[in-house]
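A note on names: the letters A, B, ... follow the listed sequences, proteins ahead of strands, and every chain is numbered from 1. Heavy-atom basis, side chains included; hydrogens, waters and symmetry copies ignored.
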Amino acid sequence: MADKIGDRSATKTRAHADNFWVVSLRALRRDAAAMIGLAGLLLIILVTLLSPLLAPHDPLYQNYRARYEPPGGATYPFGTDDLGRDVLSRVLWGGRESLGVAALAIAIAMGGGVVVGLISGYYGGWRDVLIQRVTEVWLAFPGIIFLIVLVSILGTGLEKVMIAVGLTLIPGYGRLVRGAVLAARAQDYVLAARALGARDARIMFHHILPNILPPVIVFATLGLGSAILIVGGLSFIGLGVNPPAPEWGAMLLYARDKWRQAPWLSFYPGAAIFLTVLCVNLLGDGLRDALDPKLR
Amino acid sequence: MLKYIAGRIIQAIPLLFIISVILFAIMNSIGDPLAIQLSQGRPPTGEERLRMRRRMGLDQPIYLQYIYWMIGNDWTYIDADGDGDTDENIRGPRKGVLRADLGRSLITKQFAQVRIMERLPNTLILMIPMYILAITMALVLGAISALRQYSALDNLLTTAAFVFYSMPIFFISLGMIFIFAIGLRNWGLPHTPIAGMFEPGEPKTLTNLIRHLILPASSLAIIYAAAYMRYVRSSILEAMNADYVRTAYAKGLAKRRIFAIHILKNAALPLVTIVGLDLPFVLGGAVITESIFAWPGMGLLFIESLTRSDYPVLMGILMLIAVAVVVLQLLTDLVYSLLDPRVALMGQTG
């Protein structure tokens, strides 16, 4: 008897969930701005992934005969820097670092936030109090200052920046997940799963998580944009990727005192960051509208 | 009300204490403040380093250093000449944070509070006009955008907000410099200075200050305004469709009155929260903007102190921000309860 009831409610939930994603996807497809963002982002990812094939030159090769070549030439479409390095190749290669670091940082933040938020919201009690107090301390610092402190503990370099940015962003995701879990915990499907004897971990990850995923996905997509900006900003103040590795923020830092002679050195990496963030935000806004049943 | 405020302040004390312990431990492990110090114009020898370390009290265990930082060391004897023995007749010079002494900078030997107070006004000079500009722009443009929803003007404004919201601060700053400082000068037009608060040798007049303020303040303001405008627009739209607004129209109230009292007041709530969350960090200065424009504020001081492991100054800045976070969260809640009588202060926790 109990089995039957449980089974039925489980199928119902799943069927509903499928519908939800299908309907949301359809809504997203109708959103022209979001589709432009998605297409742009996929293009940028593709181009950066193919940078070894697409880049006309070695991003680190210094051609002293072609220093400060202005953009527009056939050999150097984006010009060269003071050491004769090809800006186009550096922008292409730089995307791998900028995008990769930002994406992995968001993955760390999301993974950490989901685990922390689930535990905090599902169990409540001392675990919740402990996690919430730590979160408060964590959030009591400006992001950039916390980051600078973390980077100076961990040291500069790609993977350090990634970890630092990820750690800094965890509390935001934790709060979001916790709020959603608190609302979900009292729902019938959770009670049903518990009545069937499901373990806590199964309820948390199998039953609650899929249901609270939409806001997390939206938050993560929009967060990717800010993560790209943060990584770029860290490099720009000299705390990010180590030179001479090409990275968009680091390229901007390098170009900083040369904008009089060579404005293109700042323009191309800056525009690359800007366009990527713009595409990510377009997609994120569209996802938010598509995944929010209230707005449909 | 007073009881509530007092309660919140008392709750904040353990939080601030924990923050200070964690930060102190971190700040003491990020680098060696002696690494860049010179003794008689050259890097110190091992013997000299040890002596300097003892004189600065850096040889003490970290919990003692924390206690000295917190309550001072004028109640105990210290090793003033750095020979390794405690001098039995010399008491420590420090009063501790609780008696408004943040300790001396390890680099400049000035009091950390002096270093910070030199820079804090500069950051406020940058951030207060910037914030006023940003919030005004966000409210006005957000309201226009919401009132003319889906018009060409609304589309233009929301697109512009979206574009600027996606723009990295360094990109916008460099762009501004390129157009308004370099471009205008090349074309022989009136132009703004590139960096700093005053040109060397210039009289420190208000006009000069404002000329230098234009670029950093407007770069920051554009980005903040773009972000806030999106909130203002959506919360005004939400309020416009609320039942109480329909009731107000039905009662025959003047449109202007409905907008000012019913819509704007309710739409201001989310903005208050967001601004309240953002404001404390204003004290930390805009690290990136200040470093682009060489604006001698808190952000730049923080970076300078960090690269030299000058922990008394770092601790001072960070604790100032932590206190500001607590105070502004309280203020946000108070403003909230003033704007929205439904929010009961006493019922809130944390």
Side-chain angles (χ1 to χ4, degrees), chain A residues 33 37 129 132-134 136-155 222 225-226 228-239 248-249 252-253 255-256 259-260 263 265-267 269-282 284-285 295, chain B residues 12 14-16 18-19 22-23 26-27 29-31 159 162-175 177-178 181-183 186 194 223 230 277-278 280-288 290-292 298-300 302-303 306-307 309 314 317-318 321-326 329 350:
Chain A
V129 171
Q132 289 318 304
R133 288 297 99 80
V134 173
E136 269 164 33
V137 174
W138 210 290
L139 287 175
F141 296 101
I144 186 102
I145 287 192
F146 192 73
L147 263 173
I148 293 170
V149 170
L150 270 179
V151 171
S152 44
I153 300 170
L154 297 169
L222 291 171
S226 18
I228 295 171
L229 292 182
I230 295 170
V231 172
L234 274 180
S235 294
F236 188 74
I237 51 179
L239 290 170
W248 293 340
L252 277 169
L253 169 66
R256 226 179 91 187
W259 57 54
R260 256 168 238 248
L265 293 186
S266 313
F267 178 76
I273 295 182
F274 166 55
L275 286 177
T276 313
V277 176
L278 188 65
C279 288
V280 169
N281 285 347
L282 281 172
D285 254 28
L295 291 175
Chain B
L15 181 69
L16 288 174
I18 295 168
I19 291 176
I22 296 172
L23 279 179
I26 292 175
M27 287 300 139
S29 59
I30 54 171
T159 311
F162 205 88
V163 166
F164 284 115
Y165 171 72
S166 306
M167 202 172 269
I169 179 74
F170 38 83
F171 193 53
I172 212 170
S173 306
L174 294 180
I177 290 178
F178 198 69
I182 298 173
N186 288 348
I194 292 176
I223 286 185
R230 288 156 54 86
L277 283 173
D278 279 355
F281 304 138
V282 160
L283 290 183
V287 176
I288 293 171
E290 284 182 4
S291 71
I292 294 175
M298 297 279 280
L300 221 49
F302 186 80
I303 291 273
L306 190 77
T307 49
S309 313
L314 291 173
I317 298 173
L318 293 175
I321 294 168
V323 171
V325 169
V326 170
Q329 254 164 22

> If every non-hydrogen atom of Gly249(A) is compared with every non-hydrogen atom of Ser235(A), which pair is closest and at what distance?
Replying inline: C-CB, 3.5 Å
> Which pair of non-hydrogen atoms, one from Glu290(B) and one from Met298(B), has the smallest distance, and what is that distance?
Replying inline: OE1-N, 3.4 Å
>> Return the CZ to CZ distance between Phe164(B) and Phe171(B), rounded to the nearest 0.5 Å.
In response: 10.5 Å
> Which value, rounded to the nearest 0.5 Å, describes the distance between Asn281(A) atom CG and Ile228(A) atom CD1?
Replying inline: 9.0 Å
> Given a strict heavy-atom distance threshold of 4.5 Å, which part of Ala271(A) is in contact with chain B: side chain, backbone, both, or neither?
Replying inline: both
> Using non-hydrogen atoms only, which part of Leu282(A) is less than 4.5 Å away from chain B: side chain, backbone, both, or neither?
Replying inline: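 For Leu282(A), backbone and side chain are both near chain B.
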> Who among Ile273(A), Asp285(A), Leu252(A) has the most heavy-atom pairs with chain B under 4.5 Å?
Replying inline: Asp285(A)
> Among Leu229(A), Thr276(A), Leu275(A), Val280(A), which has the most heavy-atom pairs under 4.5 Å with chain B?
Replying inline: Leu229(A)
>> Would you say that Val231(A) contacts Trp248(A) through its side chain, given a criterion of any heavy-atom pair below 4.5 Å between the two side chains?
In response: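 Answer no - side chains too far apart.
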> Side-chain contact, heavy-atom cut-off 4.5 Å: Tyr165(B) with Ile223(B)?
Replying inline: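 No, side chains not in contact.
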>> Please rank Val163(B), Ile22(B), Ile18(B) by heavy-atom pairs under 4.5 Å with chain A and give me the top one.
In response: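 So the answer, after comparing Val163(B), Ile22(B), Ile18(B), is Val163(B).
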Tell me, for [X] versus chain A, whether the close heavy atoms (under 4.5 Å) come from the side chain, the backbone, both or neither.
{"X": "Ile169(B)", "value": "neither"}
{"X": "Val326(B)", "value": "neither"}
{"X": "Ile172(B)", "value": "neither"}

